[in-house]
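Down below is the structure, laid out as structure tokens.
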There are 2 protein chains.
Amino acid sequence: MVTIADVARHAGVAASTVSYVLSGKRSISSDTRDRVQEAVRVLGYRPNASARALASQRSNVLALVIPLRTGMHVPVMMQFATAVVTTARRFDHDVLLLTADEGREGLERVAQSSLVDALVVMDVELHDERVPVLRELSMPSVLIGFPADTDGLTCIDLDFVAAGERCVDHLADLGHRTIALLGTPSAVYERQTGFAQRTLAGFTAAADRRGVLGVETPCEHTFDAVLGTVEQLLRDHPDITGLVVQNEPIIGPLLDVLRRLGRRVPEDMSLMAICADDVAERQVPQLSSVAIPADEIGLQAVESLITKLEGGQVPAMTLLRPQLTPRASTCPAPARH
Amino acid sequence: MVTIADVARHAGVAASTVSYVLSGKRSISSDTRDRVQEAVRVLGYRPNASARALASQRSNVLALVIPLRTGMHVPVMMQFATAVVTTARRFDHDVLLLTADEGREGLERVAQSSLVDALVVMDVELHDERVPVLRELSMPSVLIGFPADTDGLTCIDLDFVAAGERCVDHLADLGHRTIALLGTPSAVYERQTGFAQRTLAGFTAAADRRGVLGVETPCEHTFDAVLGTVEQLLRDHPDITGLVVQNEPIIGPLLDVLRRLGRRVPEDMSLMAICADDVAERQVPQLSSVAIPADEIGLQAVESLITKLEGGQVPAMTLLRPQLTPRASTCPAPARH
DNA sequence: TTGAAAGCGCTAACAT
DNA sequence: ATGTTAGCGCTTTCAA
């Protein structure tokens, strides 16, 4: 193994000088810098991460806590994770992967052992057992999602209330008077995961405000569940002409079910999705949608964390404005009988 | 921060004794052990990961390199990742997440800086630029997938050749004489990712052996691509009564397309999938399938790595036997006209 | 069965 | 502008 002492010897300088050349934390004559950099190159020197972390009290590693639970949509999570890793690397940090089932103990372990410098926690529930741990940890963290009590936390997420509202407004603008929200599996609501509830709140509020009838129902991921749920919905509310779906994996089956039931999209039934843009664009017809900007959220989460690590201030709450893209799946409501 | 010295003082022993109690590397009187453990508990001591890594030359961290490329099926990757993290934790290791686009340099960085002790590399291509790096690294690694030259490597994967064969055998046993393989997007073949080619090899070999006509085609992920591909296939080979699909995201659209084209599954068209069991079971009808045992592969990969780290021997090549489960989507071939 | 002490490779205060 | 040196917190040899 090549150490900093080897480099120092090769360049004819002190080890500290090598360190300073590498960190740029003090000015170095260009002659010295060149010799050191040449030595680094020739010897193939890489600073030892543990030694550096021990001496500097910084591991340059962020923890990413990802959920592995029922009802979560995997591709969106991967998009988050990718954005987090990519952004972390831009700031010369690495990412340690924790699964949510490590729970409180997992957070305490990586934080208290100084394995990581900061934490990104995904899929936060309204009453999340990990939130008190994060408060006590005295280590920077960013939550993706909002718990009930956000005191002392930094949270970032799509503004799902606004997302729900915008879907309703879009459909109401098109003249739809009865619309339904086809939501996540009931387990997600029961877990009190904020995003599902917040979308529902926005949906309901906007329906009230616009004077349209808004009904909502959870929906499981199987084809039969989709079929049963939609049939039930149309039986209870035959006037439904607009559907909002916040449940990525059922989008395909849902289109299929509507076809089977003889409802053309969009002529008989306008359909909006809250999902990643590429998913919306891949469907036939392409779906009008509110995008889930996983890349942007992951990026902002890491940027906030880095700012905090450098002693800077970041907004406690960041709600990203939803972006609605009308596509082929929504059109003016059919004339009423 | 609580250090080992604090614990030693509290317990009235030397720091080294605390270390030995924690590691179990030498025998300790039960009296001493109790006092130390009590002190650890009372003070809430956690060993500092960097200090431990620096002194012991072991970070207890594994790198997991995941692909982020076109044509990869995300849920399967997440299943791998989850299995790797879960298994790593069982052996008291953590997992650092690297994206494949860090390439050679990324591997060298984490290995040469001693950030990690070993590497799990997913989605290996036949001629992968990272393979020579792994050979030179003198750090244990396990590849998930097989490159062309496996010399000096440890590789593990599903036996996709056998998977392709088993699908053909199952359909041939049912009397099908013309069958098609609906494969991954062409980008995956062009990248020479082993698994797609190996399935194809098994498919072709078994078709020859069984004297059935086996045709194959790649297929992109959009609905239109599926429709176009299947239409073309049926135009070129009207006698096809059996379909094998190795392309998880198109399974839903494919069922839909077959329905549109008036081909009932399984009465007119038997359908087999190479995919995770839960995906096969979620379809209507449930699909006969060869499972991709991501959990098992991830688990074995980590177990091999741990064995290597402890100086043990592991098999260079591990091919997991495919498991075929007949379900509702395959039945005897219709009588020929 | 336990303790003392020498590092592990680096950073950063303190000197010059 | 650069060098000297004292740690960072732990593991492990060497001694007893």
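Throughout, a chain's letter reflects where its sequence line sits, starting with A, and its residues are numbered from 1.
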Under 4.5 Å between any side-chain heavy atoms of B/Arg109 and A/Arg89, yes or no? yes
Note, B/Val121 side chain near B/Val142 side chain (heavy atom, < 4.5 Å): no
Do A/Ile144 and A/Phe80 come close enough that some side-chain heavy atom pair is under 4.5 Å? yes
Nucleotide range of DNA chain C contacted by chain B, 5' to 3', under 4.0 Å to a heavy atom? C/dT1 to C/dG9
Protein heavy-atom contacts under 4.0 Å, written 5' to 3' over nucleotides 10-16 of chain D as B (base), S (sugar-phosphate only) or - (none), form the string BBBBB--
Using a 4.0 Å heavy-atom cut-off across all strands, classify A/Thr32 as base, sugar-phosphate, or nothing. sugar-phosphate
Test your reading of the model: is there a side-chain donor-acceptor pair from B/Asp117 to the backbone of B/Asn60, 3.5 Å cut-off? yes
Interatomic distance where CG belongs to A/Asp31 and C1' belongs to D/dT2 [whole Å]: 12 Å
For residues B/Ser19 and B/Ser16, is any side-chain donor paired with an opposing acceptor at under 3.5 Å? no
Specify the residue among B/Ser29 and B/Gln57 whose closest nucleotide of DNA chain C lies further upstream toward the 5′ end. B/Ser29
Decide whether B/Thr99 and B/Asp101 meet the rule of one side-chain donor and one side-chain acceptor closer than 3.5 Å. yes
Does a side-chain heavy-atom distance below 4.5 Å link B/Val120 with B/Leu305? yes
A/Thr150 side chain to A/Leu153 backbone, donor-acceptor under 3.5 Å: no
